[in-house]
Amino acid sequence: MTIKPKRLPKRLIDDCFLHDKDRLRHDEAIAILKERLSPVVGSSIYPIADITGRILAEEIHSPENVPMHNNAAVDGYAYQSKDFDAVDGYFPVSSRIVAGDQNPIHLPENSAARIFTGAVMPANADTVVMQEDCKTSSSEGMPFVKIQVGLKPGANWRKAGEDLELGEMVLPIGKQLRPQDIAAIASTGKAQVQVYDQLRIGLISTGDELRRPGIEINHGQVYDSNHFLLNSLLQTCNAKITDYGIFDDSEKTIRFVMREAASKNDVIITTGGASRGEEDHIISALDAIGKRHMWQMAIKPGRPMAFGQISGQEHECLFFGLPGNPVAVMVCFLMYVRPALGRLSGSNWKEPSRFPLPASFEMKQKKPDRRESLRGVLSKDSDGNIEVSKFQKDGSGLISSLRQSDGLIEIAEEVTEINKGDMVGFIPFSEFGIN
Ligand code: AMP
Ligand code: MG
């Protein structure tokens, strides 16, 4: 089961005359998703070359110190600082150590070793001087190095275990793996790891007016851009996507495809037809074949977003019914669907960071009781400080507003007015894994 049975807040009850204050608030929706969703996928072992962006299903500990040995951080000469005065910085070079040499070296008193970056430090050396900072010579076939006074004892070498200590926890279960995490796993010597399997996600577009790119459209028709928006957004979500195509605004056909998709996927995402108009059939189809957990949100854009589940014979399939307007699709996906998919696929809940920035725009008469997500464009004021303005047009059908902005500005429910210079919360798109 993916959803813990629990009494739903009163606000989830459908009511044709809902006001924003009666609709489900952002925080309540997040709490419901966070609380009721748990991982639904299994896990498999993968070679570490193939795990970028995957979610770790085992805890990684370091079986050794990394690095395993004290080693030189530069090309130069290793010596014991206590010997410096005895030879007045003029050391005979008694050995040569390169990276990869395995024989332990012990420096004879009052001598230095030629050493290269990554080579094991002589057991009794405590300082390495860079080759650029010393002069070499030879006397009677013996190489010598002259080191300037003033180098701090302890300089220019790296301690065993300085990066990872033996037994240290490197990465927790649930971590979405970034390149630097994979480098850390490799540095411990592990060649393969257990990661969660991909979520199976079915995408369904609904709307009589929709056609796929690649064919000519007639007056009154539009291209199904939402499918490609979602398909692309899902590339960062460990998803195996099945495209069910476009379905007309008919409850019967929508119900049919939703049932079919539910039997083969962990999650279904629909776009369009989620409102309460005569041509909107998503909610009635969901009510007929599954359970509705939330619908009608106190947010703009995205008010008609629905979340529910469809029970199959073998498994539960989660359902997200997104609105049809592209801006609403992207906002709802980023704010609710993306973290929910993360949770279902084994990752920790990822709340995007909000960065407070001064507004360079005004917003008079914002409606209270609903949270608004504006498209935010970053700029600099006359002193070079970063500020944020809202995209000049508000329409929720404008893909241009998504394309030409840098992230979302979040305006809280209780705010009714924004003046220039007020601090607002800005979420850069990078917080959602979008460059
Ligand atoms: P709906 O939510 O079905 O009332 O649709 C709201 C608006 O979004 C309408 O103007 C639709 O034409 C548009 N729309 C719906 N689905 C899509 C889609 N897949 N791609 C682009 N626009 C869409
Ligand atoms: Mg429609």
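Counting convention: from 1, in listed order, for ligands and their atoms alike. Nothing fancy with the numbering, it's 1 onward along the sequence.
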Check whether the ring centres of H293 and F319 lie less than 6.0 Å apart, and answer yes or no. no
How close does the nearest protein non-hydrogen atom get to atom 13 (C) of ligand 1, and which residue and atom is it? G324 O, 3.8 Å
For R371, is there an ion pair with E413 - N to carboxylate O distance below 4.0 angstrom? yes
In Å and rounded to the nearest 0.5 Å, what is the CZ to CD1 distance from R259 to I310? 8.5 Å
Which one holds for I246 and ligand 1: side chain close, backbone close, both close, or neither close, with close meaning a heavy atom under 4.0 Å? neither
The protein heavy atom nearest to atom 18 (C) of ligand 1 is N226 ND2, 3.1 Å
Decide, yes or no, whether a salt bridge links K300 with D20 under the criterion of side-chain N to carboxylate O below 4.0 Å. no
min-distance protein heavy atom vs atom 4 (O) of ligand 1 -> D280 OD1, 4.0 Å
Near G272, which atoms of ligand 1 are under 4.0 Å from a heavy atom of that residue? 2 (O), 3 (O)
Salt-bridge present (E58, K190; N to O < 4.0 Å): yes
Within a distance under 4.0 Å of any heavy atom of E209, pick out the atoms of ligand 1 and give their elements. 11 (C), 12 (O)
Report, in ascending order of atom number, the atoms of ligand 1 lying under 4.0 Å from any heavy atom of Y223. 20 (N), 21 (C)
How close does the nearest protein non-hydrogen atom get to atom 19 (N) of ligand 1, and which residue and atom is it? D224 OD1, 2.7 Å
Could you tell me if any non-hydrogen atom of G397 lies under 4.0 Å from any atom of ligand 1? no
Out of all atoms in ligand 1, which are within 4.0 Å of some heavy atom of S225? Include the element for each. 20 (N), 21 (C)
Is N325 touching ligand 1 with its side chain, its backbone, both, or neither, if touching means heavy atoms under 4.0 Å apart? both
Does the pair R25/D369 count as a salt bridge with the N-to-O cut at 4.0 Å? yes
F307 and L318, any side-chain heavy atoms less than 4.5 Å apart: yes
Starting at OH of Y223, measure out to CZ of F228 and round the result to the nearest 0.5 Å. 11.5 Å
Sub-4.0 Å heavy-atom approach of G273 to ligand 1: yes
Interfacing atoms of ligand 1 (cut-off 4.0 Å, heavy-atom, T271): 19 (N)
Is atom CD of Q148 surrounded by more than 12 heavy atoms (other residues, nucleotides or ligands) closer than 6.0 Å? no
